[in-house]
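Have a look at the structure below, then the notes.
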Amino acid sequence: MGCERIRDVLPEIVDAVERSGHQVVWQCDPMHGNTRSSGNGYKTRHFDHILDEVVGFFEVHRGLGTHPGGLHIELTGDEVTECLGGAQGIQDADLPDRYETACDPRLNTQQSIELAFIVAELLQAAAVASSVGVGVA
């Protein structure tokens, strides 16, 4: 869906599905909607865009009282330079250093751990809010 659209488009979709009575597992794929071509021609994604879509996914579900059920993340335990940003500050010029994917750019080890900690904080905030009756699922 992409970080630019998730907060505007997803609520209407969730609402329509909820009204239909269908039971679904809501999953976010913040990788594919945020793929871009870098200034030096590499297929890449920016960590900040991936993170923004994940946060938006949680915000939408929190606002609607529905449950964010899963994430699809492309990642590797290798120290690749395929996705921009993150705490390492990977930039366009760094992409050729360890660009190893044959298909889709993946988060590297540090970017993956960074995202995992942020998702854990989002889940913890949802659990705390739910336990005090704020209406977060």
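The 12-atom threshold is exceeded at NE2 of His72, counting heavy atoms of other residues, nucleotides or ligands nearer than 6.0 Å.
For the pair Cys83 and Leu95, the tightest heavy-atom approach, listed with the atom from each and the gap, is N-CD2, 4.4 Å. Nearest heavy-atom pair, Gly69 versus Val25, reported as atom, atom and distance to 0.1 Å: CA-CG1, 4.1 Å. Nearest heavy-atom pair, Gly85 versus Phe47, reported as atom, atom and distance to 0.1 Å: C-CB, 4.0 Å. Thr101 approaches Cys103 most closely through the heavy-atom pair OG1-N, 3.1 Å. When all heavy atoms of His49 and Cys3 are compared, the pair lying nearest together is O-CB, 3.4 Å. Pairing each heavy atom of Asn40 with each of Pro96, the nearest pair is ND2-CD, 4.0 Å.
Rounding to the nearest 0.5 Å places CD of Glu121 at 11.5 Å from CZ of Phe58. Rounded to the nearest 0.5 Å, atoms CG (Leu51) and CG (Leu107) are 10.0 Å apart. Interatomic distance, CE of Met1 versus CZ of Phe57, reported as 10.0 Å (0.5 Å rounding). Here OG1 of Thr66 is found 9.5 Å from CG of Asp15. Values are rounded to the nearest 0.5 Å. Distance check, rounded to the nearest 0.5 Å: CD1 of Ile13 to CD of Glu18 gives 12.5 Å. Note that CG of Leu71 is 9.0 Å distant from CG of Leu122, once rounded to the nearest 0.5 Å.
Looking at Asp78, its side chain never comes within 3.5 Å of a backbone N or O of Val80 through a donor-acceptor pair. Looking at Asp92, its side chain does come within 3.5 Å of a backbone N or O of Gly39 through a donor-acceptor pair. Listed for the Thr35 side chain is a donor-acceptor partner under 3.5 Å among the backbone atoms of Met31.
Exactly one of Arg45, Glu53, His46 qualifies for a side chain to side chain donor-acceptor pair (under 3.5 Å) with Asn34. That residue is Glu53.
Taking 4.0 Å as the cut-off between side-chain N and carboxylate O, Arg36 and Glu4 count as a salt-bridged pair. The pair Arg7-Asp52 meets the salt-bridge criterion, with a side-chain N (NZ, NE, NH1 or NH2) lying under 4.0 Å from an Asp/Glu carboxylate O.
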Determine, step by step, whether Leu75 and Gln111 satisfy the side chain to side chain contact (heavy atoms under 4.5 Å, CB included) criterion, reporting the C-alpha distance in whole Å, the side-chain angles of both residues, the deciding distance to 0.1 Å, and the verdict.
CA-CA 9 Å; Leu75 56 88; Gln111 291 167 326; over 6 Å; no

Please assess His32 against Asp104 for the test side chain to side chain contact (heavy atoms under 4.5 Å, CB included), listing each intermediate value before the final yes or no.
CA-CA 9 Å; His32 294 94; Asp104 285 327; 3.3 Å; yes

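Legend: ring pair (Phe, Tyr, Trp, His ring centres under 6.0 Å) pairs involving residues 76-120, not counting sequence neighbours, sorted by first then second residue: Tyr42-Tyr99. Listed by first and then second residue, the side chain to side chain donor-acceptor pair (under 3.5 Å) pairs that reach into residues 80-90 are Glu82-Arg106, Gln88-Asn108, Gln88-Gln110, sequence neighbours excluded.
Taking 4.5 Å as the limit, every side-chain heavy atom of Leu10 sits out of range of all side-chain heavy atoms of Arg5. No side-chain heavy atom of Ile6 sits under 4.5 Å from any side-chain heavy atom of Glu59. No side-chain heavy atom of Ile90 sits less than 4.5 Å from a side-chain heavy atom of Thr44.
Residues Leu84 and Ile73 do not share a hydrophobic cluster, clusters being chains of Ile/Leu/Val/Met/Phe/Trp/Tyr side chains in contact below 4.5 Å. Ile50 and Trp26 end up in the same hydrophobic cluster when Ile, Leu, Val, Met, Phe, Trp and Tyr side chains are linked at under 4.5 Å. Hydrophobic clustering of Ile, Leu, Val, Met, Phe, Trp and Tyr side chains at less than 4.5 Å, counting indirect connections, unites Val17 with Val9.
Side-chain contact check for Thr109 and Glu79: at least one donor-acceptor pair (N or O, by modelled atom type) lies under 3.5 Å.
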